[in-house]
Amino acid sequence: MTPFTKAVYDVVASIPKGKVFTYAHVAKLAGKAGAARAVGNALNKNTDFKTVPCHRVVRGNGKMGGYVKGTDKKIALLKKEGVIIDKERVRTSCIIDS
DNA sequence: ATTATGACCGAAG
DNA sequence: GCTTCGGCCATAA
């Protein structure tokens, strides 16, 4: 595991319940702003939502990125946690992209 | 060092 | 709205 990946995990693990981060935002908090693509790559190798709730990370436009179980399962989990979903899309109000 | 890859992003049609 | 294209970045080989 690389330092960047570790940073990404730490950030993702700090995402509050009922809210979601964008890949770009996670990248920025990880110290590598703009490395959204690299973030997705790191999450792809570790789909442990027990230690890393990767289902709380969505794309900049609110659409789903990827998920081992499929975007539908990811949406179901988010809704279950209290995140509002609009037609396969996360409500902007629930996305933390400061 | 160079090439290839991927859960991305923004602009253009 | 959606699709396509070019550009970004960290990793692996």
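Note on naming: letters A, B, ... go to the chains in the order of the sequence lines (proteins, then strands), and numbering restarts at 1 for each one.
- The side chain of A/Lys45 lies closest to C/dA12 when the candidates are C/dC9, B/dT5, C/dA12.
- If you take CZ of A/Phe4 and P of C/dA12, they are 12 Å apart, rounded to a whole angstrom.
- Residue contacts shown for A/Tyr23 include a base, since a base heavy atom lies under 4.0 Å away.
- The pair A/Glu81-A/Arg56 meets the salt-bridge criterion, with a side-chain N (NZ, NE, NH1 or NH2) lying under 4.0 Å from an Asp/Glu carboxylate O.
- The CG atom of A/Leu77 sits 19 Å away from the P atom of B/dA7 (whole-angstrom rounding).
- As judged by a 4.0 angstrom heavy-atom cut-off over every strand, A/Thr47 is placed among the base-contacting residues.
- Scanning atom types as modelled, one donor and one acceptor separated by under 3.5 angstrom connect the side chain of A/Arg37 and the base of C/dC8.
- Side-chain N/O atoms of A/Lys87 include none lying less than 4.0 angstrom from OP1 or OP2 on C/dG1.
- For the pair A/Met64 and A/Ile75, the minimum side-chain heavy-atom distance is below 4.5 Å.
- Set against C/dC9, B/dC8, B/dA7, the side chain of A/Ala35 has C/dC9 as its closest nucleotide.
- At a threshold of 4.0 angstrom between heavy atoms, the contacts of A/Gly66 include nucleobase atoms, whether or not backbone atoms are also involved.
- Residues A/Gly65 and A/Tyr23 come closest through the heavy atom pair CA-OH, 3.6 Å.
- Rounded to whole angstrom, the span from the CG atom of A/Asn44 across to the C1' atom of C/dA10 amounts to 13 Å.
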*Show your working on side chain to side chain contact (heavy atoms under 4.5 Å, CB included) between A/Val12 and A/Phe21 and close with a plain yes or no.*
CA-CA 8 Å; A/Val12 176; A/Phe21 278 15; over 6 Å; no
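- In this entry the distance linking NZ of A/Lys63 with P of B/dG10 reads 16 Å, nearest Å.
- Checking the phosphate oxygens (OP1, OP2) of C/dC2, a side-chain nitrogen or oxygen of A/Arg89 falls inside 4.0 Å.
- Here C/dC2 presents its P atom at 9 Å from CG of A/Asn61, a figure rounded to the nearest Å.
- Checked options A/Val57, A/Ile96, A/Val20; the residue passing with A/Ile15 is A/Val57 (criterion: side chain to side chain contact (heavy atoms under 4.5 Å, CB included)).
- Per the geometry, CZ belonging to A/Arg59 stands 11 Å off C1' belonging to B/dG10, to the nearest Å.
- Per the geometry, CG belonging to A/Asn41 stands 7 Å off C1' belonging to B/dT5, to the nearest Å.
- Atom NZ of A/Lys32 and atom C1' of C/dC8 are 13 Å apart (whole Å).
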